[in-house]
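What follows is a single structure, written as structure tokens, with notes after it.
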There are 2 protein chains.
Amino acid sequence: MHAHAHLARPDLAATAHEALLAGFTLRELPKGYLLSTPESPHNQVLMVHSGRLRVYLAGDNRELNLSFLEAGDIYTTHTPTYVEAVVPSSIWLIDTPTFARKLATDPSVTPAMMRVMGRLLSNAVGLIEDLAFREVPARLARFLWQLAERRGHRLEHGWLVPLDFSMQDIASLLGTTRQSVSSLINQWEREGVLQRQSRRSLLVPSLDSLKARSSPVP
Amino acid sequence: MHAHAHLARPDLAATAHEALLAGFTLRELPKGYLLSTPESPHNQVLMVHSGRLRVYLAGDNRELNLSFLEAGDIYTTHTPTYVEAVVPSSIWLIDTPTFARKLATDPSVTPAMMRVMGRLLSNAVGLIEDLAFREVPARLARFLWQLAERRGHRLEHGWLVPLDFSMQDIASLLGTTRQSVSSLINQWEREGVLQRQSRRSLLVPSLDSLKARSSPVP
DNA sequence: TGCTGTCCGTCGGCTGGCCGACGTTTTGGC
DNA sequence: GCCAAAACGTCGGCCAGCCGACGGACAGCA
């Protein structure tokens with residue numbers, strides 16, 4: 001549930017892959033390419049074929065990541081955000097008017113699309129809850145155990161969690177700063193809540209200790 | 001644009017009123033009635049016929065209003081929020097599965113529905129931007145001048161703005177506290193940015209002074 | 001014309017966490 | 001391998017704004 005790590009998962013791909021993709025054009029994006037900004041006039045619908053896109057808001061010398069999109073994820077720029085390729089990526093693209101015509105003629109696509117938008121909404125609401133109600137440690141703890149549940153592998157000694165985000169990435173995802181994330185993780189390591197394996201993965205002995213830290217001020 | 005005061009305006013009503021409402025049932029809600037909570041299993045689509053509903057999130061001894069819905073507004077409980085009637089209200093109701101069948105058979109409703117969800121999303125994103133990037137005075141200033149533009153009446157000496165929210169309502173809408181809102185408004189009154197007419201309305205000599213205060217840290 | 005409940009104004013203490021700064025470690029390109 | 005660039009760790013100052021508290025103002029309502 002919730003969590004900013006992924007606004008939209010397979011769904012559409014599963015339900016209506018071929019039918020849906022007719023009309024889309026495949027497009028290659030170089031690393032760092034800015035696909036869309038709040039000012040760009042064109043609304044479009046996209047599905048990631050490969051690579052990684054970052055969806056974010058930008059404020060005064062500060063950025064907030066709404067989501068990272070990966071293969072199979074779907075997004076629509078109905079909403080005023082930036083979308084940027086963080087690695088070379090390829091995506092299926094279509095502009096909204098064309099897509100709307102498609103919806104009108106082929107109503108079978110509608111429910112899938114509604115699900116996607118519903119998911120986007122839920123995640124936005126989840127982020128609002130985080131920002132309004134939870135403090136930074138709680139947000140981070142929740143982020144980590146959700147990551148563990150979704151991406152982690154069960155070992156004898158706990159969960160091995162791949163962590164392919166920089167601390168800056170995580171901070172922006174949670175609406176906090178690099179420093180705060182860094183301090184917290186190191187503190188938790190000292191407390192035995194987690195261990196760093198490599199730079200790019202964590203070992204979490206028990207998810208419970210994380211869950212305990214993910215509720216509003218205990 | 002944006003602003004939490006109204007997540008969804010007429011739209012649907014204008015485009016497909018009768019066609020749309022077929023299948024909906026009219027329902028009377030007493031004051032204080034809790035129509036839906038994050039835990040309630042049933043998703044539904046509603047349109048306000050009369051009265052006033054409050055859409056909000058609840059955290060530990062704290063609430064955040066996402067929106068107040070009034071006549072003509074549309075909402076869908078796709079997303080885990082509380083919906084409560086703050087005055088006796090009557091609404092058109094339908095559950096999502098039924099509505100989905102409707103969409104499937106009558107694709108003409110789809111674009112309107114997409115617009116509604118798009119609007120919900122935009123507003124959610126707007127609130128996220130507020131919480132993440134703007135400080136309390138900026139949020140309040142923006143709220144007030146948007147209210148003035150939407151609801152205010154032009155007079156010789158400025159704008160007369162009806163204010164049918166308590167300070168607590170406004171605070172919850174902006175993600176801050178009653179005290180902060182109260183202090184700011186009184187401070188601005190001393191500075192001549194606004195004057196209180198009655199308890200339920202403001203006089204704003206010039207919207208510019210508000211707009212000036214609504215940008216991130218000047 | 002009192003009584004009770006809701007709303008508003010203001011004050012001061014307290015603190016989460018932002019920010020700048022600076023040194024260290026890791027990574028990746030060539 | 002080497003070196004620049006990126007990423008990480010840690011510390012302390014600082015402040016927006018939350019929180020509790022308390023008193024006044026303005027309803028209804030009998």
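Worth saying up front: this structure is predicted, and the values here are computed from it rather than measured. First the proteins, then the strands, lettered A, B, ... as listed; each starts at 1.
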B:L174 CG to D:dC18 P, in whole Å, measures 11 Å
For A:R199, the side chain to side chain donor-acceptor pair (under 3.5 Å) test, sequence neighbours excluded, returns none
What donor-acceptor contacts under 3.5 angstrom involve side-chain atoms of residues 203-211 of chain B, with partners at least two apart or in another chain?
from: B:S206; atom 1: OG; to: B:D208; atom 2: N; distance (Å): 3.1
from: B:S209; atom 1: OG; to: B:S206; atom 2: O; distance (Å): 2.8

Base, sugar-phosphate alone, or nothing: which one does B:S182 contact when heavy atoms must sit under 4.0 Å apart?
base
Sequence neighbours excluded, the answer for salt bridge (Lys or Arg N to Asp or Glu O under 4.0 Å) partners of B:E39 is none
Between side-chain atoms of residues 82-89 of chain A and protein atoms elsewhere (two or more places apart, or another chain), which donor-acceptor pairs fall under 3.5 Å?
from: A:E84; atom 1: OE1; to: A:R54; atom 2: NE; distance (Å): 3.2
from: A:E84; atom 1: OE1; to: A:R54; atom 2: NH2; distance (Å): 3.2
from: A:S89; atom 1: OG; to: A:R52; atom 2: N; distance (Å): 3.0
from: A:S89; atom 1: OG; to: A:V87; atom 2: O; distance (Å): 2.7

Contacted region of DNA chain C by chain B, from 5' end to 3' end of the hits, cut-off under 4.0 Å to heavy atoms, spans C:dC7 to C:dT10
Sequence neighbours excluded, the answer for side chain to side chain contact (heavy atoms under 4.5 Å, CB included) partners of A:R190 is A:N186, A:Q187
| said: Check the phosphate of D:dC8 against A:N186, side-chain N and O only, distance under 4.0 Å to OP1 or OP2. Yes or no? | reply: no
Applying side chain to side chain contact (heavy atoms under 4.5 Å, CB included) to A:R62 and not counting sequence neighbours gives A:T177, B:F133
Residues at least two apart in sequence or cross-chain that pass side chain to side chain contact (heavy atoms under 4.5 Å, CB included) with B:T96, listed by chain then number, are B:N43, B:H78
Terminal axes of the helix from C:dT1-D:dA30 to C:dC30-D:dG1 (5 end pairs apiece), angle rounded to 10 degrees, sit apart by 60°
Does a salt bridge link A:R134 with B:D60, judged by any charged N lying under 4.0 Å from a carboxylate O?
no
Atom NZ of A:K31 and atom C1' of D:dA5 are separated, to the nearest Å, by 11 Å
In whole angstroms, the gap separating P of D:dA16 from CG of B:D130 amounts to 18 Å
In whole angstroms, the gap separating C1' of D:dG17 from CG of A:L131 amounts to 16 Å
Worksheet item: Just checking B:R190: base, sugar-phosphate only, or nothing, at a heavy-atom cut-off of under 4.0 Å?
Response: sugar-phosphate
Sorted by chain and number, sequence neighbours left out, side chain to side chain contact (heavy atoms under 4.5 Å, CB included) with B:S50 holds for B:S90
Next on the checklist: Taking A:R151 first and then A:E70, would you say they form a salt bridge - that is, a charged N and a carboxylate O separated by under 4.0 Å?
Outcome noted: yes
Once base and sugar-phosphate atoms are separated, protein heavy atoms under 4.0 Å mark nucleotides 21-30 of chain D, 5' to 3', with B, S and - as B----S----
Closest to the 5' end of DNA chain C, once A:T177 and A:R200 are matched to their nearest nucleotides, is A:T177
Residues passing the side chain to side chain donor-acceptor pair (under 3.5 Å) test with A:R178, sequence neighbours excluded, are none
